[in-house]
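Presented below is the structure to which this report refers.
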Amino acid sequence: MTNNLMTFFPSLQVLSEYPTELNEDDYTFHNPQSHTWISIRKTEVTNREYGLLSSIYTEIKSRTAVNDLTSTKWLNFLKSAGPSPLNEAESVRIIQLYFKENNINEADITEACRAFFGDSMQLLFISSQSAYLIEKQTTYLCTVEDFSSFIAALESDFYSKARLYIGKFQPVNSHFPQHFSTEKDWFLNSIERHRAERIYTMENSFPFHLIQEMSEDMKHVLVKEILIPIDYDLELLQTVQLFFENGFNASITAKKLHIHRNTLQYRLAKFHNITGIPVRQFDGALVAYCASLIAEKH
Amino acid sequence: MSKFVLENINKVYDGKYTAVSDFNLHIEDQEFIVLVGPSGCGKSTTLRMIAGLEEITSGEFRIEGKVVNDVASKDRDIAMVFQNYALYPHMSVYENMAFGLKLRKFPKKEIDDRVQNAAEILGLPNYLEKKPKALSGGQRQRVALGRAIVRDAKLFLMDEPLSNLDAKLRVQMRAEIAKLHQRLKTTTVYVTHDQTEAMTMATRLVVMKDGFIQQIGSPKEVYGYPDNVFVGGFIGSPAMNFFEGKLVDGYIHIGQVSMKVPQDKLTLLGDKGYNGKDLILGLRPEHIYGDVDTLAHFPDTTIEVKVEVSELTGAELMLYSSLEGQPFVARIHADATAEPGKVMPLSFDLTKAHFFDKETENRIR
């Protein structure tokens, strides 16, 4: 069905997740059968076709989020290069929030955020499914655990899967909108490629971006030198990946894999024997880790 | 008819990464089901699919006969408790417990009744005005439970709720949750990676690995009759010992050591065609004995071993040794003298042994 539609509407795009931001130049529809969303340029759709599409699918309409004056200033700053809402010497980070359900009640979410963070955060609503939390750099900074607890609280009270991206602190000067624009791209990319996660940061997204940006030639080297020799052995790859992610700590890695330490040592040695790459050394581990990410993508 | 039915449930991320495969479970009313397995086995994903926080890729989830795959999470009549308390620091205990009901526009009087009742059950009446920061870890977790109790839901979903507590408090809270379940009788699905927690709390266990169910059964069944090597090794602490050996003419040969296999087990193994074949012998540490009186009862399975490490845990001694290069641990009486380096006889009680196919690692039955 979607393929047929593409012949009529070349701009049609299929999304597997609710779009985090709705483009005013597009129509966006939800297909409940395949649980996908499609967006089509408005200029390609006649009134009659629009009526037809609306009767088959559910249209997702952009909702104007109600923000206070301070929030409006922030949006103006981030989106339209308006003046900085704060002294330019101050640093903030933006936590991008995304809800799976598109029926969040802004007043309720605002109350939840205030109850969680007090007055230390400014909340901006972007759409019916997304919002930004702006955190100033003060003496206490929220930790990943705080945000994890926040997400759990939202999920248990609002019954909606929530995901967030914790940005980096940056002075609120003229470079900030560009910095934030990059973080927005990273969040979108991370959601697309790593759906099981709920909290994203530059650190946990970086390796995946690195693999995405890696040239085919470099990937081929890793495939040739590692993945083919070990015959894409997922058990071995998972072992070296976790060993790397757990800071080369054999006890923690063995515990997480629920294997004996000796079994872990055996697998690491086996990897070394087959590939000639010493995974207990940083450079060897880094190469093996990248190979495991490439294998994951396949 | 079972109250909650999960049938052929699969969860696939991005069309390629399978988190849960062919999950089948019928949950009866008032059961306390524990999903247990190592990290990454799919237990939390399963719980989140039940909650409606993750979509079910394929398969059916039914509540009281009605398919709820597409029913929104808020309409499934469930309450969730998470590992990290999920409390609002700037709300009092009372407000924390009331918040979910307030969002659902419950009348004030009903909210108050429910919160007071939950506080009473959890021993929190004197803490209602306090903020979470002023509470201990155990009290915070009780508030988290209170937030679920006030909803009076059909199903409680708990995702590693005790993982943030220290060992002593965890044992205490474990008992409190069990008591709470006996009192409220709310059907519960509980996720943990801790096999002791699973064994002590569950009416039925679901052991998972790599997205697949390995075994479903009561704690006693799973401990006593593990379906495969993984379950035998995962459930029980210390873990079950495994020895690779060969069955020849009524004896299991482990390297140069031979032990006579009891007749009933031998008949089964013979019937299944294992005579002359390699297999895996599983034996729990408590089924290896070291006291002199017992040794006499097992003349055909008593072996001299060299003690490598011994750990006194109080009433018992964990003795670490190896049999033909295959490590094992024996749980023997603390009175035994077993210094490292000492050679001593141990009896392997093969009447309690489990035999597994070497290739499939499945129990031979």
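Residue numbering restarts at 1 for every chain, and letters A, B, ... go by the order of the sequence lines.
- Only the backbone of Phe117(A) comes within less than 4.5 Å of a heavy atom of chain B; no side-chain atom from C-beta onward does.
- Per-residue counts of heavy-atom pairs under 4.5 Å with chain A were compared for Asn96(B), Ile78(B), Val81(B), Leu157(B); the largest is that of Ile78(B).
- The residues Arg163(A) and Glu197(A) are annotated as not salt-bridged, no charged nitrogen and carboxylate oxygen being separated by less than 4.0 angstrom.
- Note: Phe99(B) and Tyr88(B) have perpendicular aromatic rings, judged against thresholds of 30 and 60 degrees for the angle between ring planes.
- The existence of a salt bridge linking Arg114(A) and Glu111(A) is excluded, since no basic side-chain nitrogen approaches an acidic carboxylate oxygen closer than 4.0 Å.
- Rounding to the nearest 0.5 angstrom, the gap separating the CZ atom in Phe150(A) from the CG atom in Leu133(A) is 5.5 Å.
- Between chain A and the residues Lys11(B), Arg151(B), Lys102(B), the most heavy-atom pairs under 4.5 angstrom are made by Arg151(B).
- Contacts from residues 140-148 of chain B to chain A, taken as heavy-atom pairs separated by less than 4.5 Å, involve Arg147(B) in sequence order.
- Taken to the nearest 0.5 Å, the OG1 atom of Thr110(A) stands 8.0 Å off from the CG atom of Asn105(A).
- Of the atoms belonging to Ala112(A), heavy atoms from both backbone and side chain fall under 4.5 Å from chain B.
- Side-chain atoms of Ser251(A) do not come within 3.5 Å of backbone N or O of Asn249(A) as any donor-acceptor pair.
- Between Phe244(A) and Phe248(A), the ring planes lie perpendicular to each other; the angle is over 60°, past the 30° to 60° tilted range.
- With a threshold of 4.5 angstrom between heavy atoms, Gln83(B) does not approach chain A through any atom at all.
- Shown here are the side chain to side chain donor-acceptor pair (under 3.5 Å) partners of Gln214(B), two or more places apart in sequence or in another chain: Asn228(B).
- Ranked by heavy-atom pairs shorter than 4.5 Å toward chain A, the options Arg104(B), Arg76(B), Lys209(B), Glu95(B) are led by Arg104(B).
- For Phe234(B), the parts lying near chain A are the backbone and the side chain together; criterion is any non-hydrogen pair under 4.5 Å.
- Scanning all heavy atoms of the two residues, the minimum distance from Thr253(A) to Thr239(A) falls at CG2-O, 4.1 Å.
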